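Below: one structure, written as structure tokens.
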Amino acid sequence: MFHFGVDYYPEHWPEERWATDAQLMQAAGVNTVRLAEFAWSFLEPEAGDFDFDWLDRAIEILHAHGIQVILGTPTASAPPWVMAMFPDSYKVNENGQRRTYGNRCEFCPTHAGYRERGRLVTRAMAEHYADNPAVIGWQIDNELNGRCYCPNCRAAFQNWLRERYGTLETLNAAWGTIFWSHVYTEWSQIPVPVETGGVPNPGLDLDFRRFMSDTFVHFQQEQVDILRQVCPMQFITHNFMGFNFDQIDYFKLAQPLDVVTWDNYPRTGWRLEKEVNHAYVALGHDTMRGLKRQPFWLMEEQSGSGGWQTVGINPRPGEMRLWTYQAIAHGADAMIYFRWRTARYGTEQYWHGVLYHHGQPGRRYDELKAIGGELQRAGEKILGAENRNPVAMILSYDTRWAFQGQQNHVDFHYPALFTSYYKALHNRNIGVDIVPSDADLSRYRLVIAPALYILPQETADNLRPFVQNGGMLITTARSAV
Amino acid sequence: MFHFGVDYYPEHWPEERWATDAQLMQAAGVNTVRLAEFAWSFLEPEAGDFDFDWLDRAIEILHAHGIQVILGTPTASAPPWVMAMFPDSYKVNENGQRRTYGNRCEFCPTHAGYRERGRLVTRAMAEHYADNPAVIGWQIDNELNGRCYCPNCRAAFQNWLRERYGTLETLNAAWGTIFWSHVYTEWSQIPVPVETGGVPNPGLDLDFRRFMSDTFVHFQQEQVDILRQVCPMQFITHNFMGFNFDQIDYFKLAQPLDVVTWDNYPRTGWRLEKEVNHAYVALGHDTMRGLKRQPFWLMEEQSGSGGWQTVGINPRPGEMRLWTYQAIAHGADAMIYFRWRTARYGTEQYWHGVLYHHGQPGRRYDELKAIGGELQRAGEKILGAENRNPVAMILSYDTRWAFQGQQNHVDFHYPALFTSYYKALHNRNIGVDIVPSDADLSRYRLVIAPALYILPQETADNLRPFVQNGGMLITTARSAV
Amino acid sequence: MFHFGVDYYPEHWPEERWATDAQLMQAAGVNTVRLAEFAWSFLEPEAGDFDFDWLDRAIEILHAHGIQVILGTPTASAPPWVMAMFPDSYKVNENGQRRTYGNRCEFCPTHAGYRERGRLVTRAMAEHYADNPAVIGWQIDNELNGRCYCPNCRAAFQNWLRERYGTLETLNAAWGTIFWSHVYTEWSQIPVPVETGGVPNPGLDLDFRRFMSDTFVHFQQEQVDILRQVCPMQFITHNFMGFNFDQIDYFKLAQPLDVVTWDNYPRTGWRLEKEVNHAYVALGHDTMRGLKRQPFWLMEEQSGSGGWQTVGINPRPGEMRLWTYQAIAHGADAMIYFRWRTARYGTEQYWHGVLYHHGQPGRRYDELKAIGGELQRAGEKILGAENRNPVAMILSYDTRWAFQGQQNHVDFHYPALFTSYYKALHNRNIGVDIVPSDADLSRYRLVIAPALYILPQETADNLRPFVQNGGMLITTARSAV
């Protein structure tokens, strides 16, 4: 089945409305919705006091209309009571300030108490829905991101380093700490690269970025472990954020998941750009397909103007359809649109959905319905299609992070260099796979590895036979520095 | 009597000079001065140790030269000993940092200790000057402004919300806290919208702005109550800051006062603009007249270049006279110029007055004297003149604050929209009243209500009969959102 | 002997390499190197556990190749164990944040513990090397700079004020604290001008800048005293930072030293300027010569592209030689180039030296060698040459600091005004001495004193006879304000 649907928040609306919503969805061809990834307040109003009744009823109504459900674990935004329980569970920003309540993703990813609350709510949901026939899969958290510089993360970083280097002698040698007399004689002396520390040692800086990425991979793994154990029949995913997001090694984050899904907003429009950058959207799709080298899903596809404090640009007539087929052409096996209906409150009260605030079907609903009809006819043929491309581009998060610490040249940006190569191929209709540096390259005629700043021996060992066997390798200045 | 005068700081100069100052003032037609609004250090050098002798002597000299006195309560700038008494009485900025000593207006407006010291010095002054025949009125504090995000203000905000909403259920529903699981289960969980909290819930953000405005209105009321009780024969005012200042609901702040006065600096000139924006100055006057829909005073009218770290532009020859008659044409019943003589020290050592640092009469003194002569002849006829205008513009602080939280569009600014309508009328010599949304509109032919973003039922009920009776109402996009 | 050499970090390289380095240096004409100014971690790996063996061996190898040594005291960058010993020895920035570990110069200059550790390591080095025939002199710390706003510095500032003013009455009168009621009644009330205090009283602001300058002068003096006592036969210097650095009164800092040395980077190139500003470099030299009105040394002369996070511009062929003779023409008696070989790690891993990372002689080594040969032949004749110039420019740090606090005009910059006068003379090949306001002016035909904002009586008394005796004095607006 080609999954086609919307992100839906029944908890934002009176229960009387739910049946109407389900009917409208069904009429548009919707067969899948994502639910509950921000509903922790309703799922667990107070510590340990779980309430799944409302969600059961919502799922039942949807199921009765032929709609399957993906459930989000709600750890991306904690209720006030969770954060009040652990005042030191707020992230500390790079500028040294501890975050406070009021938005989302405020939590420190190494905080034991927060993680335990996250495991508890995940397990409770998992146990409740493991056998629900409508529930087909899980999304863990939501758009994992951020870096934390709190004392807890500093201690965790020191432990991570101890595992990586074994001894301080090895670490001091690797980082060259004799420069400026930074030789560490106790693990506890090692700082995190906050702004108050000034421009840091580049080795320390790169390792901290690796550590934080690993921390989020580990945070996700805790929930993966619970879900694998409790709900073995349901798939597990996380909604990624395309090419541009660079704080987590997406190859590692994708590894334990069944499928990669992502959130695509071609017209977020904060700066009200007139034109959509189609090559850039395509690069997002290809990156997502490359994470597991298999088809991916759209978990949030734009269906209205974005908006927090300002309102973005409404997708032009036909753009939802355009974006849908672009995604499919690049390997998408499912299309879930964000969001069903525009909320009337909250920070995202101007983030528009398929329906306006008023809830009546309009132009964007009609477009959804048209697409839904087409995909009902064509969907099965699309599933599992393989993209066979002659070109691979090597994406290295290590390199990306090293350049974040040391830009090398004021006009140099690794993502921009990467994108410029990609765009040249895209504009000539040459298909590209985005692959990690240890990928099997034998199937490609051309491999492009822009500025492989961090080039470990294993990568060199992977590139050498490719070239020896006649492959063409393009790389650039600032490689293997 | 048309009050004509200057803001005077005898405490900045040797006592031997005072008589010379008074003679020069009298010769220029000065009949009123404002004194003491920043003299707390001299009025109460140590806690409870009041010293009014110097001020008595200054007032006596002025009175002997036919000059009446308005006294400022000195709470806008506290001596070091006050702040040292209450280390937690410093404001906390939006970025979470607590202010420290060194400028003015550093105090948290909800701090019980600071407020008590303010009441004590106010009462001591009031009791001392209640029967002084030279003292005709009081200015409370000085240009009230600021927002504080300290723990004390957070608790006060929570109490303010409890009064407004009664129950957390009502508050959660009004703010839509189910979005991102912000459902509050204890009043103490509710945060203040500091930067570390990220983009806040728009309901919370708007309510915090309302709360802070109410807090300053309440702060002023404490002093009003003392003065009403102790000095029933003297009037009470506060010096407002025109149209541009937007942190306090000026309609509410004006309500308990006898008269609105304001501080007008057409050529503050921080950016050294070549041209004075006359329409903008006029909007300031009309806004001030609208606060109580009655004539207002100028408490500080520019008489020299402004200057903190940089020096602004000197009023061009004739501009003081031009600005004076502009103010009178818009409803001013008194003109007090800031300041008599340029100080030789302090943060404002380059904020020039009628006299230069050297104290000799010069060009600006001659201009003051010429205006003084004209107003001595014409003054009585001006007093109480009523501005009858065919157009009203509705100014809504609620709307202004909501747009501060959510700008809606990157190029949209409510004050700029408001000003553009005003300017079009001003440039066609069409008189405008600036009124609150509950004003009596029956006398107007045209009412302009730009972008009434927050449009409560009562406002709609006020607008409907106006239109039904043939009035013309102009409003714009983003109304009643 | 004309000292010609490089800044060398043997501790960055395997000991096996040292002899090769020394041979290459000797072949290039190097007769002097600076060592150890950032080697605290190696000199004192743990508190009190000194290790000079490695440095002895390095010096021995150099000495065997005819190379003399200047030793740097290593207090500019402390090992982690020092800072861990004194968590409150980190500087507090102007924004109120305490610095953390990770770069250099993090220490608070008034911290008793840090200063003691600095004295201890200085004394240990001094005692060990007092009689070493290879060691000819000492550089104290490295590029002293920074301002600290910590509680400790606040207390020290209060004591400094007490010494300067004697009584609070005098201080209150001098600062005009009656403005805004800032009258201090306890020394402990006096704040430091952090950002959270808002725009400060200009008297307080200027005195804080004076205090911080004096603090660094005093910090240096502690080490001068030790070295004078222990190593009476070796000279003492500090490496200054030319005209642009403005936090310390360089006339005062130079006073106790034997010779002024400085660090000259014409092509630091952070902004990748195409052209070198030769007049600006010349102004640096003339300022350095003016500090003691005697020849100066180059302690760090650029010999490669600079680079922290980005890489600057490589000196063009011939530029090293050009800069060398420019320095000599302006009075340099020694040329030490930074640095011998580019480090392979640390924050400055892209700050290039004479040798590239790989350590093989290349173009810049050849240039060094060519210059070395020329100076071996000509050096003795250059030494002690006196620059006789017809023009003096008066540089006043007091004025500079006062303008930092009060810019006066948005387009006014004292250093830019100063430079524009200097550049006009430079471009006409008219030699200029940069002198303090109390310098003997009798030898000059023209004295230029741009914007002498702070003009004490003694300065006026120095200028008057110069003019009375027929000298021409040029000054500008904003003098003697």
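Protein chains get the first letters and strands the later ones, always in sequence-line order, with residue 1 at the start of each. For clarity, every value in this text was computed on a predicted model and none was experimentally measured.
- With a 6.0 Å cutoff to the six-membered ring centre and a 45° limit on the axis angle, A:R162 does not count as a cation-pi contact of A:Y184.
- The most heavy-atom pairs under 4.5 Å with chain A, out of C:M83, C:K91, C:E11, C:Q349, come from C:Q349.
- Although no hydrogens or angles enter the test, the distance criterion places a donor-acceptor pair under 3.5 Å between the side chain of C:S77 and the main chain of A:W180.
- Annotation: salt bridge (charged side-chain N to carboxylate O under 4.0 Å, His left out) contacts of A:D398 (sequence neighbours excluded): A:R210.
- Exactly one residue among A:R209, A:R164, A:K252 makes a salt bridge (Lys or Arg N to Asp or Glu O under 4.0 Å) with A:D214. That residue is A:K252.
- Looking at C:R98, the atoms closer than 4.5 Å to chain A (heavy atoms on both sides) all sit in the backbone: N, CA, C or O.
- Chain A forms more heavy-atom pairs under 4.5 Å with one residue of C:G102, C:G346, C:P80 than with any other, namely C:P80.
- With a 4.5 angstrom heavy-atom cutoff, C:P74 does not touch chain A via any of its atoms.
- Annotation: maximal heavy-atom pairing with chain C below 4.5 Å, among A:G96, A:S188, A:A174, A:G405, occurs at A:G405.
- The side-chain tip of A:R478 points at the ring of C:Y350 from less than 6.0 angstrom away and within 45° of straight on.
- Looking at A:W175, the atoms closer than 4.5 Å to chain C (heavy atoms on both sides) all sit in the backbone: N, CA, C or O.
- Annotation: cation-pi pair C:R364/C:Y356 present, NZ/CZ under 6.0 Å from the ring centroid and within 45° of its normal.
- Using a 4.5 Å cut-off between heavy atoms, C:A78 contacts chain A through its backbone alone, with no side-chain atom that close.
- Heavy-atom distances place both the backbone and the side chain of C:E348 under 4.5 Å from chain A.
- Contact tally against chain C (heavy-atom pairs below 4.5 Å) for A:G198, A:P193, A:P202: the top residue is A:P202.
- If you tally non-hydrogen atom pairs under 4.5 Å between each of A:V183, A:N408, A:N201 and chain C, the highest count goes to A:N408.
- A donor atom on one side chain and an acceptor atom on the other are found under 3.5 Å apart for C:E37 and C:Y9.
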